[in-house]
Amino acid sequence: MNTTLRRAVVATAAVALGLPALAACGGSGDSAAGGGDGDKTVRLVSHDSFVASKDVLEEFTKETGYKVQVIKGGDAGAAVNQAILSKSHPQGDVFFGVDNTLLSRALDKDLFTPYEAKGLDRVPARLQLDAGKHRVTPVDFGDICVNYDRAYFADKKLDPPRTFADLVKPEYKNLLVTENAKTSSPGLAFQLGTIAAYGDDTWQDYWKQLKDNGVEVVDGWEQAYNSRFSGSAAGRKAGGDKPLVVSYASSPPAEVMGVTPAPAEAPTGVATGTCFRQIEFAGLLKGAKNTKGGQALIDFLLGKRFQEDMPLQMFVNPAAQDARLPELFTKYGAAIPEPGTMDPQRIAEHRDEWIKKWSSLVLK
């Protein structure tokens with residue numbers, strides 16, 4: 001399974017609740033220690049799922065003279081927590097991988113030095129959640145959605161669900177597995193999607209209906225998708241019997257990657273009315289030792305070469321409108337015209353409260 005889908009593997013309860021958590025780090029490339037703007041190494045701090053083609057990073061070095069050292073810090077939430085804990089002595093120059101569910105927390109902790117990236121005019125306004133201040137730069141986006149097992153629904157002669165409302169209908173009883181919103185980033189995103197759809201007054205009623213309709217909750221994405229879901233290759237091997245799972249809109253292309261001969265369609269589909277958008281950002285860390293190198297790297301992350309490399313490396317969509325998607329995405333992926341969204345500040349103000357209410361409703 002590709003690395004970006006693995007990004008959804010269980011986030012710790014401490015991360016979900018916004019508590020401090022230490023994360024292990026690893027790196028590749030030169031490991032020069034400091035050196036200011038004269039330093040020819042630029043350090044990129046990220047989650048474990050950051051991947052770029054070797055020749056793409058080499059191109060950055062050829063263009064700028066800077067070599068990239070990647071310092072990985074666990075899942076996205078753990079990496080953000082570590083960046084906050086170490087902000088007085090930042091681990092690197094650029095942080096990549098803070099998404100809109102954690103963005104306000106990072107901004108409130110004053111992690112980033114403003115920098116307006118070159119090429120930002122190629123990014124749609126809807127992705128620029130810090131427009132005007134430029135503390136972070138949008139690099140990619142993706143959607144958390146319910147995926148379905150095409151073979152199951154074809155065999156049962158049953159239309160797959162399309163919307164949140166469909167999921168509580170009797171014909172879909174006991175078919176859905178989702179991740180724990182308290183311990184998993186896609187689980188939390190799915191919860192936020194239902195809140196965006198139903199509002200503060202009725203989202204809890206919706207979850208009561210979903211529980212009554214037999215939704216299964218597991219700790220994280222790995223268990224849900226690769227063990228319980230009948231539509232994934234790993235899930236079939238594990239004997240999974242749930243034909244509905246909370247995953248990514250990019251999961252169907254991932255299921256097809258490397259399969260020969262190429263199938264007419266992916267074995268899984270996406271319920272496009274159940275999606276919540278995640279946007280990932282990069283920012284120049286305050287106190288960075290290599291400011292110029294960091295600025296150059298952020299420009300490169302938004303450049304066409306990196307943006308077009310990213311989909312098949314991390315299975316996310318490029319933020320730049322002029323970046324071409326690979327055929328694997330255009331042929332097998334699902335376009336999500338109206339995903340659920342939510343202001344990051346609203347998430348920050350209510351996340352803990354919402355998770356507690358969700359836990360009392362669904363886990364008791």
Side-chain angles (χ1 to χ4, degrees), residues 3-4 7 22-99 106-107 109-120 134-140 280-310 312-314 316 318-320:
T3 56
T4 293
R7 126 179 3 180
L22 293 174
C25 296
S28 61
D30 288 358
S31 56
D37 286 347
D39 185 4
K40 302 310 291 184
T41 297
V42 58
R43 298 157 194 81
L44 177 67
V45 182
S46 185
H47 49 61
D48 285 348
S49 295
F50 176 84
V51 184
S53 296
K54 182 180 179 181
D55 61 336
V56 170
L57 295 182
E58 289 175 347
E59 183 173 320
F60 171 73
T61 301
K62 184 177 179 180
E63 289 180 0
T64 66
Y66 295 108
K67 292 184 178 181
V68 179
Q69 178 190 6
V70 180
I71 303 168
K72 296 184 177 182
D75 62 42
V80 170
N81 277 342
Q82 180 62 26
I84 291 171
L85 289 171
S86 61
K87 73 173 188 175
S88 60
H89 296 89
Q91 294 173 295
D93 306 301
V94 173
F95 187 95
F96 167 77
V98 60
D99 67 34
L107 296 181
K109 295 296 183 179
D110 199 27
L111 279 186
F112 303 111
T113 296
Y115 173 65
E116 186 171 354
K118 296 176 182 177
L120 197 58
H134 303 299
R135 291 167 293 181
V136 291
T137 299
V139 176
D140 67 72
E280 281 194 307
F281 301 87
L284 183 67
L285 285 166
K286 186 162 286 189
K289 294 178 180 178
N290 190 345
T291 301
K292 289 183 180 179
Q295 292 172 345
L297 182 57
I298 291 174
D299 291 343
F300 187 77
L301 293 178
L302 203 53
K304 198 170 183 180
R305 184 72 174 90
F306 182 85
Q307 289 281 299
E308 292 186 350
D309 179 61
M310 188 167 48
L312 293 185
Q313 298 297 323
M314 296 192 283
V316 287

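Model, not experiment: these values are computed from the prediction.
The shortest distance between side-chain heavy atoms of Ile84 and Leu111 falls below 4.5 Å. Within the 4.5 Å cutoff, side-chain heavy atoms of Leu284 are placed close to those of Gln295. Residues Tyr66 and Asn290 are in side-chain contact: their nearest non-hydrogen atoms beyond the backbone lie under 4.5 Å apart. Between Leu301 and Thr137 the shortest side-chain heavy-atom distance does not fall below 4.5 Å. Here the side chains of Val45 and Val94 are not in contact, with every heavy-atom distance at 4.5 Å or above. The side-chain heavy atoms of Leu44 and Gln69, taken from C-beta on, include no pair separated by under 4.5 Å. Looking only at side-chain heavy atoms (C-beta outward), Lys118 and Leu302 stay at 4.5 Å or farther from each other. In this structure, Leu107 and Arg135 have side chains that are in contact, with non-hydrogen atoms separated by less than 4.5 Å.
Residues Ser86 and Gln91 come closest through the heavy atom pair OG-CG, 4.0 Å. In this structure, Val98 and Ala106 approach most closely via the heavy-atom pair CG2-CB, 4.1 Å. Residues Pro90 and Ala288 share a closest heavy-atom pair of CG-N, 4.2 Å. Here the closest non-hydrogen pair linking Ala319 and Pro138 is CB-O, 3.7 Å. Closest approach of Thr64 and Ala296 over heavy atoms only: CG2-CB, 4.3 Å.
Going from atom CD1 of Ile298 over to atom CZ of Phe96 covers 11.5 Å, rounded to the nearest 0.5 Å. For the atom pair OG1 of Thr291 and NZ of Lys286, the computed distance is 11.5 Å after rounding to the nearest 0.5 Å. Lys289 contributes atom NZ, which lies 8.0 Å from atom NE2 of His89 (distance to the nearest 0.5 angstrom). Note: Leu57 CG to Phe306 CZ = 7.5 Å, rounded to the nearest 0.5 Å. Between the NZ atom in Lys87 and the CD atom in Gln82 there is a gap of 14.0 Å [rounded to 0.5 Å].
Residues in residues 88-97 take part in these salt bridge (charged side-chain N to carboxylate O under 4.0 Å, His left out) pairs, two or more places apart or across chains: Arg43-Asp93.
Under the 3.5 Å distance criterion, the side-chain polar atoms of Gln307 are matched with a main-chain donor or acceptor of Val139. Within the 3.5 Å criterion, the main-chain N or O of Ser49 finds no donor-acceptor partner in the side chain of Lys72. Without hydrogens or angle criteria, Asp309 side chain to Ser53 main chain gives a donor-acceptor distance under 3.5 Å.
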**Asked** Stepwise, does the side chain to side chain contact (heavy atoms under 4.5 Å, CB included) test hold for Met310 with Val316?
**Response** CA-CA 7 Å; Met310 188 167 48; Val316 287; 3.6 Å; yes
**Message:** side chain to side chain contact (heavy atoms under 4.5 Å, CB included), that's the test. Do Val136 and Phe95 meet it? Break it down for me.
**Reply:** CA-CA 9 Å; Val136 291; Phe95 187 95; over 6 Å; no
**Message:** For Asp55 and Arg305: C-alpha separation, side-chain torsions, deciding distance, then whether salt bridge (charged side-chain N to carboxylate O under 4.0 Å, His left out) applies.
**Reply:** CA-CA 10 Å; Asp55 61 336; Arg305 184 72 174 90; 3.1 Å; yes
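Annotation: ring-ring contact (aromatic ring centres under 6.0 Å, His included) contacts of Phe60 (sequence neighbours excluded): Phe300. Legend: residues meeting ring-ring contact (aromatic ring centres under 6.0 Å, His included) with Phe112, ordered by chain and number and at least two apart, are absent.
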